Amino acid sequence: MNQIELLNALSIQKVLPIFRGNSDEVSAALSIFKKFEFEHVELTTSISGWQNLIEKFRDDFKVGLGTVTNSNQINEAVKLGAEFLVSFV
């Protein structure tokens, strides 16, 4: 998905759920969110085990990763299938 396609998809969805917290809580919340028609969700690097959550939910959502602060996180997120990244850097 390129940048224009992502922006178009997010404009249709109108809301981007951003998840942070502990891994078990976020996993439970994402399981509930499968019932709703959200296509895109964002996880943050503050979640311990964000890597496992990307792998677990990448078939259910287009998962992005936020609060990205270094190239190691970028490389790992892309390798795991993150569809987009959010960084303040």
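These numbers come from a predicted model, not from an experiment.
- Listed by chain and number, the residues in a side chain to side chain contact (heavy atoms under 4.5 Å, CB included) with N2 are I4, E5 (sequence neighbours excluded).
- Residues that satisfy the side chain to side chain contact (heavy atoms under 4.5 Å, CB included) test with Q3, not counting sequence neighbours, are L7.
- Residue pairs meeting the salt bridge (charged side-chain N to carboxylate O under 4.0 Å, His left out) criterion with at least one partner in residues 27-46, sequence neighbours excluded, are K34-D60, E39-K62.
- Pairs engaging residues 72-89 under the salt bridge (charged side-chain N to carboxylate O under 4.0 Å, His left out) rule: none recorded [sequence neighbours left out].
- E55 approaches R58 most closely through the heavy-atom pair O-CG, 3.7 Å.
- Summarising the geometry, atom CG belonging to N75 is positioned 9.0 Å from atom CG belonging to N70; distances are rounded to the nearest 0.5 Å.
- In this structure, L53 shares a hydrophobic cluster with V15, F19, V26, L30, I32, F33, F36, F38, V41, L43, I47, W50, I54, F57, F61, V63, L65, V68, I74, V78, L80, L85, the cluster being traced through Ile, Leu, Val, Met, Phe, Trp and Tyr side chains under 4.5 angstrom apart.
- Judged by distance alone, with hydrogens and angles left aside, the side-chain atoms of Q13 form a donor-acceptor pair with the main-chain N or O of H40 at under 3.5 Å.
- Evaluation of the side chain to side chain donor-acceptor pair (under 3.5 Å) rule for T44 yields S46 as partners, not counting sequence neighbours.
- Not counting sequence neighbours, the partners of S27 by the side chain to side chain donor-acceptor pair (under 3.5 Å) test are K56.
- Shown here for S23 and G49, the closest heavy-atom pair between the two residues is OG-O, 4.3 Å.
- Its side chain outside the 4.5 Å cluster rule for every partner, I12 clusters with none of the Ile, Leu, Val, Met, Phe, Trp and Tyr residues.
- Among residues two or more places apart in sequence or in another chain, the side chain to side chain contact (heavy atoms under 4.5 Å, CB included) test is passed with T69 by Q73, F88.
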